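Single-structure report; data block below.
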There are 2 protein chains.
Amino acid sequence: MTTLLREINEQPSVLTDLLQAEWDNIQEIAREIISRRIRQVLIVARGSSDNAGVYAKYLLGIRNRLPVALAAPSMVTVYASPPRLHDTLVLAISQSGMSPDIAAVVADAREQGMMTVALTNQRESRLTGVAERLILCHAGQERSVAATKTYTATLLAVAMLSVALDGEADVGPDAGYDALLRVPEAVAQALALDATVAPAAERYRYMADCAVIARGYNYATAFELALKLKELTYVGANPYSSADFQHGPIAVVGKDYPVVLVAPSGKVFDEMATLACELVDRQAELLVISDRQEILDLAETALPLPLPLPEWLSPIAAIIPGQLLAYRLALAKRIDPEAPRGLQKVTETR
Amino acid sequence: MTTLLREINEQPSVLTDLLQAEWDNIQEIAREIISRRIRQVLIVARGSSDNAGVYAKYLLGIRNRLPVALAAPSMVTVYASPPRLHDTLVLAISQSGMSPDIAAVVADAREQGMMTVALTNQRESRLTGVAERLILCHAGQERSVAATKTYTATLLAVAMLSVALDGEADVGPDAGYDALLRVPEAVAQALALDATVAPAAERYRYMADCAVIARGYNYATAFELALKLKELTYVGANPYSSADFQHGPIAVVGKDYPVVLVAPSGKVFDEMATLACELVDRQAELLVISDRQEILDLAETALPLPLPLPEWLSPIAAIIPGQLLAYRLALAKRIDPEAPRGLQKVTETR
């Protein structure tokens, strides 16, 4: 078994460990966020961590009603003129914690008196040297260049923070800590899709580019799935929200154009199903990740999610078939998934 | 001459008109922003207008030190749970003002007591019905599906707002109202590049996909150039910041992979030049938009900007060769630039 496939398969146990190991710490951080009267969040991240930041934008925005912005590090590192922050939590997300631009934004925010938290897989790094608080992914060392277990661990840590911020509020049976406990099993069941993905990948051996579409909570999944395809298979995969897609990019879709739809159950499902029908009319080639049969039936390649999660947690399981697809397609294309062209595990940008 | 090419060529006169017609109004809006003690900005937009929003994020962030976030309209329209806003200007950007999701975010912000401004090319629309204040593009009717003159007019309006917000502060010779006056001539001179672009487009007749890269102020240009290519030529064009590109997507670059670099003079130039050298080492096919000879010399297709602008205004001229490239490539591919597949001028999404 390759290192990458092993790390993909470690995800259920990593997520179980994380729930145990960080819940007390995350609750304490949530109490500090409330006591410091934080009114908005600035996320600073790159690559897969930035995609996790997109999930945080939706989850903290919708569930905790916190406006979330994504930082542009060049304002600090290149232009030396960062925005003036007020009542802001700066959440830096970085697997390695080593990119200088991420640490620079956190250092600036701290100088401005803001609360700073590092969400990372490394206890000691440039980033943890400057952030006040630390949330650890507990994913163990990730050796593969393509992030998998650190990505899903980061999403779960964000979800834990969102639940902790709700405090004592009654948010219903599917929105609290108990829902988090169902995530590892949903991820474990999704991993069984490898038996479907492995033969299906053959079909896309010569795919040049594709679109990856979702909306809402899974907008992050579209970005992360597209990034995995780019890193591991060199396919020019373009991520979109279903709404943005219709404001121009849909023009690229002609007969046989491949489109991956990430469409689990939830409030955006109907819109995704409508888009799927429109894409069928255009004779696009559909790959669909969903737990709903009516949209899976429209796909040339159906990737059924075995165990549904509430929509706000669905991105943690919905990325699994995407990770497997990128991995299996890399093998079909005779690309070494351990050594993607021109990438190192730790990327340092200023 | 096609309608699209005519509209592209109208840009210098549109920009001149805008400077005249809106300066007083924009100064008044700036005074209200200051008197209402606005501390951050939320931008809501789709398509090309969203790309203009990226420019606003950098310009208002770096120059006016205002944190800027981009709205996710689904939080209002799908999830009915928008973030709680404080001391926020909501700036809605929409050429037509007709998309229901944009108007819905503005209506919600207004209910929350926030200041709302519509930046649009239409005086009467869904959007102007809900926004308190109006900034008009004065671009005349835009008939082509692909936005060109409304895009550059929107950028200039944002730049005017940024200048107006500086008030009486001394911001140097190249940062005030006088610099704005140089924009129409720089755009006019860039239009002369059509003589270079038209024959160069032939070379990319069978290009399947490409990357478009910039950083800082011109990150918006990368997004808008990629969108023009997608709308008009169906090429899967992927926009990136040069920093994000190195955190994974650079893996797609092999021999002959086409990369468009938008690299005018400014603080990010050195980083872009370093990236250009790395891409040459990888034998990528470079198209470069710049006013600097040392990076143009690395390009297979050099698109020299004749009249440099200060970096913060450079995106308004740097998009021009991109518009021309998308237009000429559409013709080379025998695609009707007036009728891109599956698009209408006004897209209504919820």
Side-chain angles (χ1 to χ4, degrees), chain A residues 39-40 42 46-48 50 57-58 61-63 65-70 72-75 78-79 81-88 101 208-210 215-216 219 227 230-232 234-236 238 241 243-244 246-254 267-268 271 282 340-343 347 349-350, chain B residues 39-40 42 46-48 50 57-58 61-63 65-70 72-75 78-79 81-88 101 208-210 215-216 219 227 230-232 234-236 238 241 243-244 246-254 267-268 271 282 340-343 347 349-350:
Chain A
R39 289 178 150 190
Q40 55 249 332
L42 181 69
R46 296 260 179 225
S48 289
D50 205 29
K57 174 174 170 170
Y58 280 81
I62 295 167
R63 182 191 171 108
R65 313 291 293 266
L66 286 165
V68 178
L70 303 179
S74 66
M75 293 184 191
V78 180
Y79 297 103
S81 184
R84 288 192 196 91
L85 303 174
H86 304 273
D87 313 318
T88 300
D101 47 1
D209 67 326
C210 68
R215 198 178 179 194
Y219 189 38
L227 181 58
K230 284 186 272 209
E231 287 176 320
L232 291 170
Y234 314 153
V235 168
N238 258 303
S241 92
D244 287 328
Q246 292 172 63
H247 285 262
I250 197 170
V252 303
V253 180
K267 289 195 173 169
V268 297
E271 180 178 330
R282 290 173 185 239
R341 186 166 60 189
L343 296 181
T347 308
T349 47
R350 68 169 194 120
Chain B
R39 288 178 151 189
Q40 53 247 333
L42 181 69
R46 295 261 181 224
S48 290
D50 205 27
K57 174 174 171 171
Y58 281 82
I62 295 167
R63 182 192 170 108
R65 314 291 292 267
L66 286 165
V68 178
L70 303 178
S74 65
M75 293 183 191
V78 179
Y79 297 103
S81 184
R84 289 191 195 92
L85 304 174
H86 304 275
D87 314 317
T88 300
D101 45 2
D209 67 327
C210 68
R215 199 179 178 191
Y219 190 38
L227 182 57
K230 283 186 271 209
E231 287 176 320
L232 291 170
Y234 314 154
V235 168
N238 257 303
S241 93
D244 287 328
Q246 293 172 64
H247 285 262
I250 197 169
V252 302
V253 180
K267 289 194 174 171
V268 296
E271 180 177 330
R282 287 173 187 240
R341 185 166 62 188
L343 296 181
T347 309
T349 46
R350 74 171 189 116

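Chain letters run A, B, ... following the sequence lines, proteins first and then strands; every chain starts at 1. Because the structure is a prediction, the values reported are computed rather than measured.
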Which atoms form the tightest heavy-atom contact between [X] and [Y], and what is the distance?
| X | Y | result |
| --- | --- | --- |
| A/Arg215 | B/Arg350 | NH1-O, 2.7 Å |
| B/Val68 | A/Ala69 | O-CB, 4.1 Å |
| A/Tyr58 | B/Ala72 | OH-CB, 3.4 Å |

Output the option from [options] having the highest count of non-hydrogen pairs under 4.5 Å with chain B.
| options | value |
| --- | --- |
| A/Lys57, A/Glu231, A/Glu271, A/Lys230 | A/Lys230 |
| A/Val253, A/Ile250, A/Leu66 | A/Val253 |
| A/Ala208, A/Gly236, A/Ser48 | A/Gly236 |
| A/Cys210, A/Pro67, A/Ser241, A/Pro73 | A/Pro67 |

Side chain to side chain, A/His86 and B/Asp87, heavy atoms closer than 4.5 Å: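 They are not in contact (no side-chain heavy atoms under 4.5 Å apart), so the answer is no.
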Are A/Asp50 and B/His247 side-chain neighbours, meaning at least one heavy-atom pair lies under 4.5 Å? no
Go through the atoms of [X] and report whether side chain, backbone, both or neither lie under 4.5 Å from a heavy atom of chain B.
| X | result |
| --- | --- |
| A/Thr88 | neither |
| A/Leu42 | neither |
| A/Asp244 | both |

Segment of [X] engaging chain A (4.5 angstrom heavy-atom cut-off):
| X | answer |
| --- | --- |
| B/Ile62 | both |
| B/Leu232 | neither |
| B/Tyr219 | neither |
| B/Asn238 | both |

Please check if the side chain of A/Gln40 supplies one atom and the backbone of A/Leu85 the other of a donor-acceptor pair under 3.5 Å.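 Not confirmed, A/Gln40 side chain does not pair with A/Leu85 backbone.
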Hey, is the main chain of B/Pro82 close enough, under 3.5 Å, to the side chain of A/Arg65 for a donor-acceptor pair? yes
Mind checking what makes ring-ring contact (aromatic ring centres under 6.0 Å, His included) contact with B/Tyr234, not counting sequence neighbours?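 So B/Tyr234 forms no ring-ring contact (aromatic ring centres under 6.0 Å, His included) with any residue.
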For the candidates B/Ser74, B/Ala251, B/Gly254, which exhibits the highest count of non-hydrogen atom pairs separated by less than 4.5 Å from chain A?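 The residue among B/Ser74, B/Ala251, B/Gly254 with the greatest pair count is B/Ala251.
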